[in-house]
Amino acid sequence: MNAGTDHVEVPTRMLVHALVREDGTVDADELYTVATALRMSDQQVRLCVKRLVAEGRFTHEGRGRRATLHATEETTRALAPDADFVRHAFRQDAGLAPWDGVWHLAAFAVPESARTARDALREALVHLGGAPLQGGLYVCANAWEPYVEEAAHRLGAHDALTLLTTTDLRRGDTREPADLARHLWPLGEVAERYHRLEHVARPRLDRLTGPAELSPSTLLTLAVELAAELTRAMRPDPLLPPQLLPQPWPGTRARQVVARCWAALHARDRGGPRPTLFRLYADITREAAARATG
């Protein structure tokens with residue numbers, strides 16, 4: 001089904017997660033059908049399911065393609081995509097979230113005896129869009145405090161966390177905000193990922209808006225590919241305000257194409273059980289598509 005388009009590498013675990021329905025189940029027949037379209041072997045899927053069950057992330061009922069996977073409550077909660085961040089990105093693209101000139105900083109001093117928590121907190125801060133300024137000091141251009149505090153509480157490091165804001169940030173002789181952003185974040189790498197996302201999304205948009213009928217499994221496959229590539233592009237993106245980014249920013253254009261893809265997927269939706277990602281992405285991207293064409 002990918003003839004003439006770039007093949008999207010979808011990790012098997014991501015595929016299982018993407019097909020979790022709103023009732024927390026994954027239909028095995030649907031899973032194997034989409035996996036085949038994504039060039040995965042049945043053995044690859046079986047091994048992944050076995051690992052997920054062994055880790056306590058899913059329970060398994062039935063055999064073969066007639067089986068049903070049930071996500072545990074913790075897995076269902078953890079699987080929700082970062083819908084807040086996706087929504088914020090589209091609001092930025094529409095000019096609805098201008099920067100107020102405030103830098104948000106987080107500092108921590110976690111002892112060596114709690115190295116695991118310290119490393120996990122570093123990873124969480126980078127995931128939330130932070131960039132390291134010095135050892136244990138990170139900066140973000142967005143109001144990230146609730147997310148940082150949640151991560152610190154979860155890791156048992158909240159007492160070691162200090163939060164502050166400033167409008168006067170300098171690094172060496174660099175103080176102009178856009179120059180600081182260019183030095184602090186890998187914007188070139190992020191831009192390349194968005195170029196890739198647009199390159200992948202455009203031929204899929206042509207299929208979704210074309211006259212040909214598309215089977216439910218084909219629509220699911222396209223949805224999984226788009227979700228995987230969007231995740232790959234957005235994971236390292238600090239979601240800097242447009243005022244701090246080179247213009248035109250490829251992320252804006254790529255997300256517009258993805259929004260049109262999801263609007264087309266929604267238009268072709270025939271009802272019935274749907275993966276959670278349809279609900280989580282469809283409303284956000286349909287709103288963005290409406291703004292872009294309105």
Side-chain angles (χ1 to χ4, degrees), residues 81-106 122-134 137-148 164-202 205 226-262 281 284-294:
D82 295 328
D84 287 352
F85 305 127
V86 176
R87 181 174 283 106
H88 182 68
F90 281 111
R91 284 179 55 79
Q92 286 181 325
D93 294 340
L96 300 177
W99 192 46
D100 59 5
V102 175
W103 298 101
H104 300 258
L105 295 99
R122 285 194 189 114
E123 291 178 8
L125 293 175
V126 172
H127 173 73
L128 291 170
L133 287 171
Q134 313 241 345
L137 178 62
Y138 288 74
V139 63
C140 180
N142 296 304
W144 64 347
E145 287 81 1
Y147 303 100
V148 173
L164 62 152
T165 60
T166 183
T167 57
D168 181 17
L169 181 65
R170 287 173 284 173
R171 191 174 197 185
D173 293 328
T174 304
R175 64 185 307 165
E176 202 281 320
D179 291 339
L180 282 168
R182 189 170 63 253
H183 284 93
L184 290 170
W185 285 277
L187 297 184
E189 175 193 335
V190 175
E192 281 304 312
R193 287 174 180 253
Y194 279 118
H195 285 306
R196 158 77 182 178
L197 173 60
E198 182 181 3
H199 192 63
V200 164
R202 284 200 177 277
L205 177 61
L226 289 165
E229 206 61 49
L230 179 63
T231 299
R232 194 171 286 121
M234 289 194 64
R235 182 167 290 147
D237 186 355
L239 297 183
L240 297 177
Q243 295 91 328
L244 303 183
L245 293 170
Q247 297 297 331
W249 179 241
T252 301
R253 187 174 59 243
R255 283 190 290 262
Q256 286 175 350
V257 178
V258 172
R260 293 170 61 194
C261 287
W262 279 96
Y281 283 155
I284 298 171
T285 52
R286 284 206 318 277
E287 291 167 8
R291 286 195 295 265
T293 58

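Nearest heavy-atom pair across Ala89 and Met234 is CB-CE, 3.9 Å. Among all heavy-atom pairs drawn from Leu169 and Trp103, the shortest one is CB-CD1, 3.5 Å. Summarising the geometry of Tyr138 relative to Leu125, their closest heavy-atom pair is CD1-CD1, 3.7 Å, with the distance given to 0.1 Å. Heavy atoms only, all atoms of each residue included: Asp168 and Arg175 are closest at OD1-NH2, 3.0 Å. Nearest approach of Leu205 to Cys261, heavy atoms of both residues: CB-SG, 3.6 Å. Closest of all the heavy-atom pairs between Cys140 and Gly129 is SG-O, 4.0 Å.
Distance check, rounded to the nearest 0.5 Å: CZ of Arg170 to CG of Leu180 gives 10.5 Å. Interatomic distance, CG of Asp173 versus CG of Asp179, reported as 11.5 Å (0.5 Å rounding). Distance check, rounded to the nearest 0.5 Å: OG1 of Thr252 to CD of Glu198 gives 11.0 Å. Between the CG atom of Leu239 and the CG atom of Asp93 there is a distance of 9.0 Å, given to the nearest 0.5 Å. Of the inter-residue distances, the one linking Asn142 atom CG with Leu128 atom CG reads 10.0 Å to the nearest 0.5 angstrom. For the atom pair CZ of Arg182 and CD of Glu176, the computed distance is 8.0 Å after rounding to the nearest 0.5 Å.
Between Arg193 and Glu189, at least one side-chain N (NZ, or NE/NH1/NH2) sits under 4.0 Å from a carboxylate O, which counts as a salt bridge.
In this structure Arg235 satisfies the salt bridge (charged side-chain N to carboxylate O under 4.0 Å, His left out) test with no other residue, sequence neighbours excluded. With sequence neighbours excluded, no residue satisfies side-chain hydrogen bond (donor to acceptor under 3.5 Å, both in side chains) with Thr231. Among residues two or more places apart in sequence or in another chain, the side-chain hydrogen bond (donor to acceptor under 3.5 Å, both in side chains) test is passed with His183 by none. Applying the side-chain hydrogen bond (donor to acceptor under 3.5 Å, both in side chains) rule to Gln92 yields the partners His88; only residues at least two apart in sequence or on another chain are considered. Every residue was checked against the side-chain hydrogen bond (donor to acceptor under 3.5 Å, both in side chains) condition with Arg171, not counting sequence neighbours, and none meets it. Residues passing the side chain to side chain contact (heavy atoms under 4.5 Å, CB included) test with Leu164, sequence neighbours excluded: Leu105, Thr162.
Side-chain contact check for Phe90 versus Leu96: every heavy-atom pair is 4.5 Å or farther apart. The side-chain heavy atoms of Trp185 and Val190, taken from C-beta on, include no pair separated by under 4.5 Å.
Taking the six-membered ring for Trp and thresholds of 30 and 60 degrees, Phe85 and Tyr147 have ring planes inclined between 30 and 60 degrees apart.
Counted within 6.0 Å of NE2 on His199, heavy atoms from surrounding residues, nucleotides or ligands total 12 or fewer; the atom is thus considered open. More than 12 heavy atoms of other shown residues, nucleotides or ligands fall within 6.0 angstrom of atom CD in Gln247.
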One pair to check against side chain to side chain contact (heavy atoms under 4.5 Å, CB included): Trp99 and Leu240. What are the steps and the verdict? CA-CA 9 Å; Trp99 192 46; Leu240 297 177; over 6 Å; no

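For the residue pair Tyr194 / Arg255, a side-chain donor-acceptor distance below 3.5 Å is found, with atom types taken as modelled.
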